[in-house]
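Every chain is numbered from 1, with letters handed out A, B, ... down the list of sequences.
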There are 2 protein chains.
Amino acid sequence: MRLVVATCQVDYAGRLSAHLPMATRVLMIKADGSVLVHSDGGSYKPLNWMSPPCTLREGLTEDGRTEWVVTSKTDDTLRITIEEIHHESAHDLGVDPGLQKDGVEKHLQELLADHPATLSDGLTLVRREFPTAIGPVDLMCRDAEGLSVAVEIKRRGDIDGVEQLTRYLELLNRDPLLTGKGTVRGIFAAQEIKPQARVLAEDRGIACAVVDYDALRGLDDPTERLF
Amino acid sequence: MRLVVATCQVDYAGRLSAHLPMATRVLMIKADGSVLVHSDGGSYKPLNWMSPPCTLREGLTEDGRTEWVVTSKTDDTLRITIEEIHHESAHDLGVDPGLQKDGVEKHLQELLADHPATLSDGLTLVRREFPTAIGPVDLMCRDAEGLSVAVEIKRRGDIDGVEQLTRYLELLNRDPLLTGKGTVRGIFAAQEIKPQARVLAEDRGIACAVVDYDALRGLDDPTERLF
DNA sequence: CATTCGATGTCGTCT
DNA sequence: AGACGACGTCGAATG
């Protein structure tokens, strides 16, 4: 890992073209040759970058300034013209042991699979990741009357999720095995449901369920936590 | 901008929980207090981070190690426990002049608005960003027979785009002013169309058009380029 | 290898 | 401020 603070100009050509005028920035060069150009603001996304695999060539411009040219296999090019280097250091970091995560959609699905009745009274699980021709339904359940209920789970309930569940329901309702006792209902479950998504869902007869992750986790054995 | 290379452990609690075991990493602290934790691999995304607005407090753990606690307004917390600092430096970068881009969907839309006939013979533009109750149609056109044609433009033609155009067509076909001469057709235009999207579109009677950005740009005045 | 789908997505733009 | 769509989306899981 090389860290360089330099006054530089950056040009990228690839899927799009982008240009950064001359200014002072931080350049991070990782062991795999990838390069990140960071300013002192914004979020974690660099102003410009080159993803690995790529190669960095150091050279000189016609007027004698240092120039880095980073190229990827797909001919994307990042050209960094350096006017002045203010700081430079190199460090051996070794391989990172990596990140452990807990609390993403998969966990939400696991929790709801264990406690389907929190979505609707009397609901029981038939199967998780119920397969259909156009992809798996998150939860397939049965209600107190024995009717099939398809549940789509999102962390954030957007219009896309409603469309997805609609496609599933359309398909499922053509299956006589499922519709024997009546129409397959849908439940759209998310930690947060956007107003437009709610309107669209309810317009299509799909119920919305806002899920409390922490409360659900409380119902579960606390020793099962990752860390 | 502060750059620190340190052996550290990182814990994040917010929308999810995440944990990084003790290892040597680069910590980037931006002027706005945001923090990025980078390893010597991966892509431009940090292993962990805190986005602004946030505040960093430096303290000591019970066993006397340095600890940084970064908290956001929404109570997200990033806790960095430092075992050893290998390098530290601070730099004044100033405000970055910012990025100029060229070649995104907006340009594609402009180019197709200038050359609608490349989508379908005899097509002429009625209006860009044609307003409807559920959002603007990218291009509203008329074909040689005087029938209305709605065009949805994407860089990458995904199933979502077909759904979007379908919603527009549903609405537009309820408007007697547009349907006077016949049904409003749809054209789904993209630089690349995914197989599933193509199948769905054609099943719904929506034509697909693969767009060659470079060729279109060639039709245009080359002096209009940004840089 | 291609495709699909989630993401602490992030980022612009518009209401 | 909230909603919405694009992104050089990235990245993991899966067929």
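- Atom-to-atom, CZ of B:Arg156 to P of D:dG5 comes out at 18 Å; the value is rounded to the nearest Å.
- Checked against C:dG6, C:dT10, C:dA7, the side chain of A:Val104 finds its nearest nucleotide in C:dA7.
- Here C:dC11 is the nucleotide among C:dC11, C:dG6, D:dA6 with the atom lying nearest to any side-chain atom of A:Lys45.
- Rounded to whole angstrom, the span from the CD atom of B:Gln164 across to the P atom of D:dA3 amounts to 18 Å.
- Residue B:Tyr44 has its side chain nearest to D:dC10 when only C:dG6, C:dC11, D:dC10 are considered.
- Atoms CD (A:Gln109) and C1' (C:dG6) sit 12 Å apart, rounded to a whole Å.
- Rounded to an integer number of Å, the gap from A:Asp138 CG to C:dC5 C1' is 11 Å.
- Remark: the B:Gln9 side chain and the B:Asp11 side chain contain an N/O donor-acceptor pair separated by less than 3.5 Å.
- Rounded to whole Å, the distance from CD1 on B:Ile159 to P on C:dT4 is 8 Å.
- Within the 4.0 angstrom heavy-atom criterion, only backbone atoms of the sugar-phosphate kind lie near A:Lys154; the bases stay farther away.
- Comparing atom distances between the B:Arg167 side chain and each of C:dT10, D:dG5, C:dG6 picks out D:dG5 as nearest.
- The pair B:Arg204-B:Glu170 does not count as a salt bridge, with every side-chain nitrogen at least 4.0 angstrom from each carboxylate oxygen.
- In this structure, the side chains of B:Glu110 and B:Arg128 come closer than 4.5 Å at one or more pairs of heavy atoms.
- Pairs engaging residues 25-47 of chain B under the salt bridge (Lys or Arg N to Asp or Glu O under 4.0 Å) rule: A:Asp96-B:Arg25 [sequence neighbours left out].
- Relative to the side chain of A:Asn48, the nucleotides D:dG8, D:dA6, C:dT10 differ in distance, and D:dG8 lies closest.
- For B:Ser51, the listed nucleotide lying nearest its side chain is C:dT10; candidates were D:dG5, D:dG8, C:dT10.
- Positionally, the nearest nucleotide of DNA chain D for A:Asp160 lies more toward the 5' end than for the other of A:Asp160 and A:Asp76.
- Judged by Watson-Crick or G-U wobble contacts below 3.5 Å, the nucleotide D:dG8 has no partner.
- A salt bridge links B:Arg198 to B:Glu202: at least one charged side-chain nitrogen sits closer than 4.0 Å to a carboxylate oxygen.
- The CD atom of A:Glu163 sits 14 Å away from the P atom of C:dC5 (whole-angstrom rounding).
- Atom name C1', nucleotides C:dA7 and D:dA6: the rounded distance is 15 Å, in whole Å.
- Between B:Lys194 and C:dT3 there is no side-chain polar atom (N or O) within less than 4.0 angstrom of OP1 or OP2.
- Distance CD1 (B:Ile193) to C1' (C:dT3): 16 Å, rounded to an integer number of Å.
- Going from atom CG of A:Leu47 over to atom P of C:dC11 covers 10 Å, rounded to whole Å.
- For the pair A:Gly103 and B:Glu192, nearest-nucleotide mapping onto DNA chain C gives the more 5' position to B:Glu192.
- Annotation: of the two residues near DNA chain C, A:Pro136 and B:Leu16, the 5′-most nearest-nucleotide partner is A:Pro136.
- Among C:dT10, D:dG8, D:dG5, the nucleotide with an atom closest to any side-chain atom of B:Lys101 is D:dG8.
- Panel note: side chain A:Thr71, backbone A:Asp75; no donor-acceptor pair is recorded below 3.5 Å.
- Proximity of A:Ser43 to the phosphate of C:dC11: a side-chain N or O atom is located under 4.0 Å from OP1 or OP2.
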